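Okay, structure first, notes after.
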Amino acid sequence: MAELTQPGLLGLDFKELSRIAQKHRQPEYRARQLFEAIYPQRLANLDSISTLPRQFRAALKEEGLEVGQPRIEKRFESADGTIRYLIAMSDGETVETVWMPEGDGGEMGDGSDAGGTDWDRATICVSSQVGCAVNCQFCLTAQLGIKRNLTAGEIVGQVVAVLNDRDVDMERQRLNIVFMGMGEPFLNYENFMKAVRLLVEGVGFPESRMTVSTSGIVPRIVDFGAEPIRPKLAISLNASNDEIRNQIMPLNRKWNLGMLMQAAHDFPLRNRERITFEYVLLNGVNDAPEHAREVVELLRRIRCKVNLIALNPGPGIVFATPEEKRVHAFQQILTQSGIPAFIRRPRGRDIYAACGQLKRTVA
Ligand code: SF4
């Protein structure tokens, strides 16, 4: 798979920026000014970094360097306030990033229930790869296959571009990030983790306001648990036994439910933290009461909660959306067994921004 080496400054950490400043015989504090301009101030180009001497800026440009914020190519606004952004990278590849005012309606990324209509609370859903290799059968992104990994700068860049477009004041507004857009973040682990550190140390997002969702890349779940700075963990479960999961998520043949549940059980949770399990309900496939009871058995020993999502239909997807009463019955079995379960309201269905629908219009 092709990797992009982008000449942008966005994506470099403080040490790397220090090396650039040193190379240009600039004092250490210039690196700090560069870091401040790129991340907390979110400036888009060298010309607007007025704290730096003109000569230094010119020398950087001569080297072919720029800040390198990705460009918003299109915006699709939904009637419910959701905005789906098509964001272009320097090589012309595009990914999608979604702005959801008031979270996703079922719960906020921090685990608390969404409430009110104040868009001061919002969630940004970020992509980690162009396309995806995991091939979940209910997902539109899967139809693209994988094109390439995103760089750390391109992952942070989506957030910065959306924050600037929405004119967000990080001090005043309460935002969450979910890494649940296109791609499997744990198959682009190093770049994803570097982006996380830059978002925490640079842009100013607390790690507790970020959640990463994985389809179940077991060895990376173990690595992730050992990270000193990390978002919260969500696992895309979607089936109650190996037979069904093998069919709808082929990666289960490599890391089956036994291995996945063991990794989830051993995951070192912080105080009051829970793992989120996502479960897309597919009519007549994984949504019967017996499936809910199997899920209860799977999750019995794990401190967790479950997000239930009735399938978002899409072209080329063979599954159907279950009726609401089936979704509620499923939820009830979980909650009655002591597992907190939330039904996520689909967002932005009319603009194809809801879960598993990314890349619909540009495939
Ligand atoms: S659901 Fe996620 S992991 Fe599965 S194919 Fe879609 S983007 Fe990839």
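Quick note: residue numbers are just sequence positions, from 1. One-based numbering, in listed order, for ligands and for the atoms of each. Small disclaimer: the values here were computed from a predicted structure and weren't measured.
Figure legend: cation-pi geometry between Arg32 and Tyr29 absent, as NZ or CZ is not positioned both under 6.0 Å from the six-membered ring centre and within 45° of its axis.
Taking each of Ser127, Ala142, Ser236, Gly183 in turn, the one with a heavy atom nearest to atom 2 (Fe) of ligand 1 proves to be Gly183.
Using a cutoff of 4.0 Å between basic side-chain nitrogens and carboxylate oxygens, Glu207 and Arg270 are scored as salt-bridged.
Evaluation of the salt bridge (Lys or Arg N to Asp or Glu O under 4.0 Å) test over residues 283-294, restricted to residues two or more places apart or in two chains, returns Asp287-Arg326.
In the vicinity of Asn135, heavy-atom distances shorter than 4.0 Å reach the ligand 1 atoms 5 (S). Against a heavy-atom cut-off of under 4.0 Å, Cys132 is close to the following atoms of ligand 1: 3 (S), 5 (S), 7 (S), 8 (Fe).
Qualifying ring pair (Phe, Tyr, Trp, His ring centres under 6.0 Å) partners for Phe205, counting only residues two or more places apart in sequence or in other chains: none.
For atom 6 (Fe) of ligand 1, the set of nearby N, O or S atoms under 2.8 Å includes one belonging to Cys139.
For the residue pair Gln22/Arg19, the side-chain donor-acceptor check at 3.5 Å is not satisfied.
Here Cys136 has heavy atoms under 4.0 Å from ligand 1 in both its backbone and its side chain.
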